[in-house]
Amino acid sequence: ILLRKGKGNEARPLIEQSLQQDPSQPKAWLNLSAIFFNAGDFAKALEAIDRAIELAPPSAEVLNNKGVIMGALGNHESALTCLEKAIALK
């Protein structure tokens, strides 16, 4: 809820604490990725979303988000590949 309200700074410690207790939560990694992305830390956003993908089959939303992150990092070829995969899943 905090993340949806634009309060990533408040949500981040709660998500990190949750992941310390149980690091096998793909949705928590996805949320952490969004927090890092919104803070401009694209490398950490990529690490977090990759962890989410390791834990569960990626959805169109996850692949779309990864494509956006890859684009922000300047890796446009990988971004396009992720976005095409996301479209194929819809």
Side-chain angles (χ1 to χ4, degrees):
I1 294 172
L2 290 172
L3 189 57
R4 282 185 256 158
K5 291 184 177 184
K7 297 182 178 182
N9 288 338
E10 293 177 41
R12 181 178 169 182
L14 299 173
I15 293 170
E16 288 175 334
Q17 180 181 7
S18 176
L19 286 169
Q20 284 179 343
Q21 294 173 357
D22 180 8
S24 65
Q25 305 174 71
K27 186 67 175 173
W29 286 107
L30 181 61
N31 289 336
L32 190 58
S33 176
I35 290 168
F36 287 138
F37 183 86
N38 290 335
D41 193 339
F42 306 132
K44 283 189 179 179
L46 180 60
E47 289 175 19
I49 205 161
D50 280 344
R51 185 71 177 120
I53 291 169
E54 288 173 15
L55 294 168
S59 66
E61 173 192 11
V62 171
L63 289 171
N64 179 74
N65 290 358
K66 183 171 181 176
V68 171
I69 293 167
M70 296 304 292
L73 287 167
N75 191 336
H76 302 293
E77 187 174 320
S78 292
L80 182 59
T81 299
C82 288
L83 295 172
E84 287 172 343
K85 287 180 182 179
I87 290 169
L89 287 177
K90 286 201 173 210

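Since the model is a prediction, treat every value here as computed from it, not as a measurement.
- Aromatic ring centres of F37 and F42 lie closer together than 6.0 Å.
- Among all heavy-atom pairs drawn from A60 and L89, the shortest one is N-CD1, 3.8 Å.
- Taken from OG in S78 to CG in L83, the straight-line distance is 10.5 Å, to the nearest 0.5 Å.
- Side chain of N38 to backbone of A34: a donor-acceptor contact under 3.5 angstrom is found.
- In this structure, L46 is not a member of the same hydrophobic cluster as L63, with clusters built from ILVMFWY side-chain heavy atoms closer than 4.5 Å.
- With Q25 as reference, L19 is the one residue of N31, L55, L19 to meet the side-chain contact (heavy atoms from CB on, under 4.5 Å) rule.
- Clustering ILVMFWY residues whenever any of their side-chain heavy atoms sit less than 4.5 angstrom apart, transitively, puts M70 in the very cluster that holds V68.
- The shortest side-chain heavy-atom distance between I69 and S33 falls under the 4.5 Å cut-off.
- For L32 against A48, the heavy-atom pair with the smallest separation is C-CB, 4.3 Å.
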Before you tell me yes or no, could you show the steps for V62 and K66 under side-chain contact (heavy atoms from CB on, under 4.5 Å), namely the whole-Å CA-CA distance, both residues' side-chain angles and the distance that decides it to 0.1 Å? CA-CA 6 Å; V62 171; K66 183 171 181 176; 5.5 Å; no
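- Every pair passing salt bridge (Lys or Arg N to Asp or Glu O under 4.0 Å) that includes a residue from residues 16-26 is listed here, sequence neighbours excluded: R12-E16.
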Evaluate the criterion salt bridge (charged side-chain N to carboxylate O under 4.0 Å, His left out) for residue pair R51 and E54; output intermediate values, then yes/no. CA-CA 5 Å; R51 185 71 177 120; E54 288 173 15; 3.1 Å; yes
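- Under a 3.5 Å cut-off, the side chain of W29 and the backbone N or O of S24 do not form any donor-acceptor pair.
- In this structure, the separation between CG on L80 and NZ on K85 is 11.0 Å, given to the nearest 0.5 Å.
- Considering only heavy atoms from C-beta on, E61 comes within 4.5 Å of L30 through its side chain.
- Residues A79 and G71 approach most closely at CB-N, 3.6 Å, considering heavy atoms.
- Taking every heavy atom of both residues into account, A45 and F36 meet most closely at N-CB, 3.6 Å.
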